[in-house]
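Since the structure comes first, as structure tokens, the remarks are kept for the end.
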Amino acid sequence: MSNPHVAQVRALNRFYTSQIGLLNEHVARGRFSLAEGRVLYEIGKHPRITARVLARSLSIDPAYLSRILQKLLGLDLLRVDPSQSDRRSNTLALTSAGDAAVAELETLNDKAIEQVIEKVTPPDRDRLLAAMATVRALLGERSQIGPLILRPRRLGELGWLIHRQGLIYNRQFGWNGQFEALIAGIYSEYERAPSSPPKDLWVAEQAGGIVGSIFVMPSEGISDSAQLRMLYVEPSARGQGIGATLVAQAVGFARDNGYGRMRLWTHTIQESARRLYAAAGFAIVETMEEDNFGRTMTGEIWETVF
């Protein structure tokens with residue numbers, strides 16, 4: 001990692017800790033330090049946790065954790081019980097006073113975050129939350145991202161889809177600006193196409209951010225055939241089945257709207273997409289050598305019949 005990258009991460013850390021007041025002695029102006037509050041919170045969420053597991057999950061020094069636990073025990077916020085699975089160890093749980101302390105912390109923390117969010121205009125709050133979700137996903141917290149939503153595209157998003165796919169396929173396959181220009185034309189064709197025969201486009205959204213898309217329109221020059229076009233999934237969101245969900249949505253739409261078959265164009269180097277197409281019932285009907293997007297590749301036409 002280059003030094004500018006490190007500097008940017010550190011700058012964000014300094015900015016955010018200042019925004020929410022983490023440099024104050026007590027978190028959210030409450031009666032506990034940040035570490036004490038986090039220990040209480042984790043015990044409240046995971047009752048009967050052992051000190052060893054708690055230290056590991058918080059990446060905190062065991063000796064430091066022991067001092068915090070002794071203080072919280074002295075305040076009658078914790079209780080220690082023998083472990084049911086291992087008599088050599090004890091588990092931690094909150095007392096009723098501990099539950100009240102966590103509730104107090106939650107209220108204070110919510111107010112502190114609300115004060116930060118209030119500085120952001122409502123239209124930009126979704127962008128803020130999506131950016132936070134992206135950070136978490138890229139750093140490995142995918143399980144906390146949230147449910148997937150398929151929705152229609154919104155004004156301004158066609159440009160975003162072109163932008164993202166141009167960048168992603170350049171990084172993944174080395175495709176040049178010819179690809180970006182091509183897909184700009186493809187999205188323009190979709191937008192100009194009449195509503196009959198049926199067409200539709202879906203955007204995959206997660207935690208307020210776009211993580212993929214796909215669309216269907218009639219195949220040019222082939223009657224009774226739908227075309228599956230522009231499947232893409234953000235790299236940070238892959239591995240969750242989003243691509244398969246988008247393909248299933250497109251295939252179901254074509255079948256339900258009376259098309260007799262569905263076709264698509266892909267390349268042998270697009271291995272992940274090819275696996276999705278095969279699993280959805282598509283088969284290769286044509287191959288051709290191509291010099292496209294600054295690369296020599298083998299193109300493929302895939303088709304499925306309903």
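The figures here come from the full heavy-atom set of this structure, side chains too, leaving out hydrogens, waters and symmetry mates.
- The aromatic rings of F173 and Y169 sit parallel to each other, their planes meeting at less than 30°, with 60° as the upper class boundary.
- Defined by atom type and a distance below 3.5 Å, a donor-acceptor pair is missing between the side-chain atoms of E290 and T298.
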In sequence, state the C-alpha distance, the side-chain angles, and the governing distance for R274 and I284, and then conclude on side-chain contact (heavy atoms from CB on, under 4.5 Å). CA-CA 10 Å; R274 294 171 80 249; I284 301 169; 3.7 Å; yes
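- Side-chain atoms of L231 and L276, non-hydrogen and from C-beta on, do get closer than 4.5 Å to each other.
- Inter-residue side-chain proximity for Q240 and L148 is flagged as unmet; no heavy-atom pair is nearer than 4.5 Å.
- At a threshold of 4.5 Å between non-hydrogen side-chain atoms, the residues L73 and Q70 count as touching.
- Taking all atoms of both residues into account, the shortest heavy-atom contact from A51 to L65 is O-CD2, 3.4 Å.
- Remark: Q270 CD to Q172 CD distance equals 8.0 Å, nearest 0.5 Å.
- In this structure, CG on L92 lies 9.5 Å from CG on L72, to the nearest 0.5 angstrom.
- Two residues are said to be in side-chain contact when any heavy atoms from C-beta on lie closer than 4.5 Å; K45 and V102 fail this criterion.
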Between F293 and L182, is the side-chain contact (heavy atoms from CB on, under 4.5 Å) condition met? List the steps. CA-CA 9 Å; F293 323 135; L182 174 71; 3.6 Å; yes
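- Aromatic pair Y187/F215: ring centres closer than 6.0 Å.
- Atoms OG and CD1, from S66 and I60 in turn, are 10.5 Å apart once rounded to the nearest 0.5 Å.
- The number of heavy atoms from other shown groups lying within 6.0 Å of CZ (R48) does not exceed 12.
- Linking Ile, Leu, Val, Met, Phe, Trp and Tyr residues whenever their side-chain heavy atoms come within less than 4.5 Å places V80 and L77 in a single cluster.
- Listed for the D224 side chain is no donor-acceptor partner under 3.5 Å among the backbone atoms of Y259.
- Checking side-chain atoms of T304 against main-chain N and O of M262 turns up no donor-acceptor pair under 3.5 Å.
- For the atom pair CD1 of I113 and CD of Q115, the computed distance is 9.5 Å after rounding to the nearest 0.5 Å.
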What verdict does the side-chain contact (heavy atoms from CB on, under 4.5 Å) test give for I210 and L161, after you've listed the backbone C-alpha separation in whole Å, the side-chain angles of each residue and the deciding distance to 0.1 Å? CA-CA 9 Å; I210 295 175; L161 298 177; 4.2 Å; yes
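- Counting heavy-atom neighbours within 6.0 Å of R38 CZ, excluding the residue itself, gives a total of 12 or less.
- Residues D200 and Y190 form a side-chain contact, since some pair of their non-hydrogen atoms from C-beta on lies under 4.5 Å apart.
- Using a distance-only test at 3.5 Å, with no hydrogens or angles considered, no donor-acceptor pair links the side chain of R255 to the main chain of F306.
- Contact check for L150 versus I214: no side-chain heavy atoms found under the 4.5 Å cut-off.
- Ion pairing between a basic and an acidic side chain is recognised when a charged N comes within 4.0 Å of a carboxylate O; R153 and E191 show such pairing.
- Using a 4.5 Å cut-off on side-chain heavy atoms (C-beta onward), I301 and M288 make contact.
- Between W175 and H267, the ring planes are perpendicular. Angles over 60° get that label, and only those under 30° would be called parallel.
- Using a 4.5 Å heavy-atom cutoff, the side chains of I183 and Y232 are not in contact.
- No hydrogens or angles considered: nothing links the side chains of Q206 and E234 as a donor-acceptor pair under 3.5 Å.
- Not a single donor-acceptor pair under 3.5 Å links the side chain of Q227 to the backbone N or O of S219.
- Both W160 and I162 are members of a single hydrophobic cluster when ILVMFWY side chains are connected at heavy-atom separations under 4.5 Å.
- Distance alone, capped at 3.5 Å, places no donor-acceptor pair between the T50 side chain and the N90 backbone.
- Both L201 and I168 are assigned to one and the same hydrophobic cluster, defined by single-linkage of ILVMFWY side chains at heavy-atom distances under 4.5 Å.
- The shortest heavy-atom contact between Q178 and N292 is OE1-C, 4.3 Å.
- Taking both residues in full, the closest heavy atoms of D76 and A97 are given as O-CB, 3.7 Å, listed atom of the first, atom of the second, then distance.
- Closest heavy-atom contact between I222 and R263: CD1-NE, 3.4 Å.
- Both W265 and M217 are part of a single hydrophobic cluster, where members link through side-chain heavy atoms under 4.5 Å apart.
- What you find for A204 and I242 is that their closest heavy atoms are CB-CG2, 4.1 Å.
- Linking Ile, Leu, Val, Met, Phe, Trp and Tyr residues whenever their side-chain heavy atoms come within less than 4.5 Å places L105 and L69 in a single cluster.
- If you take CD on E189 and CZ on R229, they are separated by 5.5 Å, rounding to the nearest 0.5 Å.
- Rounding to the nearest 0.5 angstrom, the gap separating the CH2 atom in W302 from the OG1 atom in T266 is 7.5 Å.
- When the shell of 6.0 Å around CZ of R151 is examined, it contains more than 12 heavy atoms from other residues, nucleotides or ligands.
- For H163 (side chain) and G159 (main-chain N/O), no donor-acceptor pair under 3.5 Å exists by modelled atom type.
- The heavy-atom pair separating S57 from L54 by the smallest distance is OG-O, 3.0 Å.
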